Amino acid sequence: MSSCHIICGDSREVPLRFENQIDLIITSPPYADARKKHYESIDPEHYPDWFASFHVALWQALKPTGSLVINIKDKIVNGVRHRYVWKTIDRLTSLGWHCIDDYVWVKKNPMPGYWPTRLRDGWEHCFHLAKSKRPFIDQAAVRIPIAESTRNRLSRLAENDKRLAYSITGSGFARNLSNWLNKNTVLPSNVLLLSTETKNRQHPATFPITLPSFFIKLLSPVNGIVMDPFAGSGTTGEAALRLGRHAILIDNNPDYCWVANQRLNHYQRKNYL
């Protein structure tokens, strides 16, 4: 049976208890200058230094093959998009983290509204960082069914399509469509089309359970250990339990720790008793 431990404390310190034990750290930290009434608010200019203060603890907690996934969003400051997010990632790479890939979470139901110089903000960053250039990954766990249109196209391949062919544009790119024959599934892209969380979780910034679930399947083994150092309402913990992983949730707000505890106790009673 999977387990989940909720620890109320500072994520600069608590992860040090789990040195080289964590398979995946996935989190959505407080965004810069956002929701000041609910949790610590950090000025965008100071954000890279603030997040870097967690580097040692998170680095030491991860296994050598472990990964760190950060869901975060840019901020509009004085009418223009502030790049504190990219500066934060640059700061982490200077500390030794490898940027494995950038994912984009496209929201099916972005917040409505009107802004004089821009459109609705319908996506967020998900950065995949790791301690090594070859972290654990289980691509098979997230494969998706091949599209029917692709299946139909493959059924009509000409002989010229069944061998390596270079682009006629002279770009140097090549393809071999025959590699797709007899396949029922393919790898998804790094663009995740997911709805936002609409339930009231007693927390102002809850991400949908489908978001951590995707990365937990992709970047941690079954029975592995997943950590969220800014756990909030406990979404990562529930996702981990559903997928047969153990979870360690950390938050410095006792109220949110209580909310997460109630949520996960309810989930475990409902599913394990």
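The model shown is predicted, which means the values in this text are computed figures rather than measured ones.
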Arg242 versus Ser2, side-chain donor and acceptor atoms under 3.5 Å:
no
Please report the C-alpha distance between His82 and Tyr47 in whole Å, then the side-chain angles of each, then the deciding distance to 0.1 Å, and finally whether the side chain to side chain contact (heavy atoms under 4.5 Å, CB included) criterion is met.
CA-CA 11 Å; His82 195 286; Tyr47 200 94; over 6 Å; no
Please round to the nearest 0.5 Å and tell me the distance separating atom CD1 of Ile89 and atom CZ of Arg83.
13.0 Å
I need the Asn261 CG to Cys8 SG distance, nearest 0.5 Å.
11.0 Å
Has the side chain of Asp251 got a donor or acceptor atom that lies under 3.5 Å from a matching backbone atom of Gly232?
yes
Over all heavy atoms of both residues, which pair between Pro15 and Asp10 is shortest? Give the atoms and the distance, please.
CD-O, 4.2 Å
Checking side chain to side chain contact (heavy atoms under 4.5 Å, CB included) for the pair Tyr84/Lys75: CA distance, chi angles, key distance, verdict?
CA-CA 8 Å; Tyr84 82 90; Lys75 179 178 178 60; 3.9 Å; yes
Linking I/L/V/M/F/W/Y whenever their side-chain heavy atoms sit closer than 4.5 Å, directly or via other members, would Trp50 and Val85 fall into one cluster?
yes
Should Val191 and Trp123 be counted in the same cluster of Ile, Leu, Val, Met, Phe, Trp and Tyr side chains packed under 4.5 Å apart?
yes
Other residues, nucleotides and ligands only: do more than 12 of their heavy atoms fall within 6.0 Å of CG on Leu119?
no
Count I, L, V, M, F, W, Y as connected when their side-chain heavy atoms are under 4.5 Å apart, and connections chain through other members. Are Ile7 and Ile225 then in the same cluster?
yes
Does the pair Thr210 and Phe214 meet the rule for a side chain to side chain contact (heavy atoms under 4.5 Å, CB included), with working shown?
CA-CA 6 Å; Thr210 48; Phe214 174 84; over 6 Å; no
Side-chain donor or acceptor of Lys131 paired with backbone N/O of Leu62 under 3.5 Å:
yes
Which atoms form the tightest heavy-atom contact between Phe136 and Ser220, and what is the distance?
CE2-C, 3.4 Å
Main-chain N/O of Cys126 paired to Trp105 side chain as donor or acceptor, under 3.5 Å:
no
Distance, nearest 0.5 Å, that separates OG1 of Thr236 from CD1 of Ile250:
11.5 Å
Restricting to non-hydrogen atoms, name the atom on Leu219 and the atom on His128 that form the minimum distance, rounded to 0.1 Å.
CD2-CE1, 3.6 Å
Spacing of Asn223 atom CG and Ser3 atom OG [to the nearest 0.5 Å]:
10.0 Å
Which pair of non-hydrogen atoms, one from Pro110 and one from Gly122, has the smallest distance, and what is that distance?
CB-CA, 3.8 Å
Are Pro29 and Ile70 side-chain neighbours, meaning at least one heavy-atom pair lies under 4.5 Å?
yes
Using the ring-ring contact (aromatic ring centres under 6.0 Å, His included) rule, pick out the option among Phe54, Trp97, Phe18 that qualifies with Trp59.
Trp97
Could you state whether Leu193 and Val104 fall into the same hydrophobic cluster, counting links through intermediate Ile, Leu, Val, Met, Phe, Trp or Tyr residues with side-chain heavy atoms under 4.5 angstrom apart?
yes
Between Asp49 and Arg91, does any side-chain N to carboxylate O distance fall below 4.0 Å?
yes
How long is the straight-line distance from CG of Leu58 back to CD1 of Ile25, given to the nearest 0.5 Å?
4.5 Å
Is there a path of hydrophobic side-chain contacts, each under 4.5 Å between heavy atoms, that joins Ile100 and Leu68?
no
Quick one, His266 and Arg263 - any side-chain contact, counting heavy atoms below 4.5 Å?
no
Got Ile248 and Ile22 here, is their nearest side-chain heavy-atom distance under 4.5 Å?
yes
Go through Leu211 and Asn71 one step at a time and tell me if the side chain to side chain contact (heavy atoms under 4.5 Å, CB included) criterion holds.
CA-CA 9 Å; Leu211 186 66; Asn71 165 226; 3.8 Å; yes
Of the non-hydrogen atoms in Ile42 and Pro30, which two are nearest, and what is the gap between them?
CD1-CB, 4.4 Å
Residue of the set Tyr103, Phe51, Trp86 for which ring-ring contact (aromatic ring centres under 6.0 Å, His included) holds with Phe127
Trp86
Apply the side chain to side chain contact (heavy atoms under 4.5 Å, CB included) test between Asp23 and each candidate in Met227, Lys63, Arg245, His246; give the one that qualifies.
Lys63
Between Ala240 and Ala247 the two heavy atoms that sit nearest each other are CB-CB, 3.8 Å
What I'd like to find out is whether the side chain of Asp102 reaches to under 4.5 Å of the side chain of Asn190, using heavy atoms alone.
no
Within a strict 4.5 Å, meaning less than it, do heavy atoms of the Leu264 and Leu249 side chains meet?
yes
Rounded to the nearest 0.5 Å, how far apart are CD of Gln139 and CG of Leu218?
7.0 Å
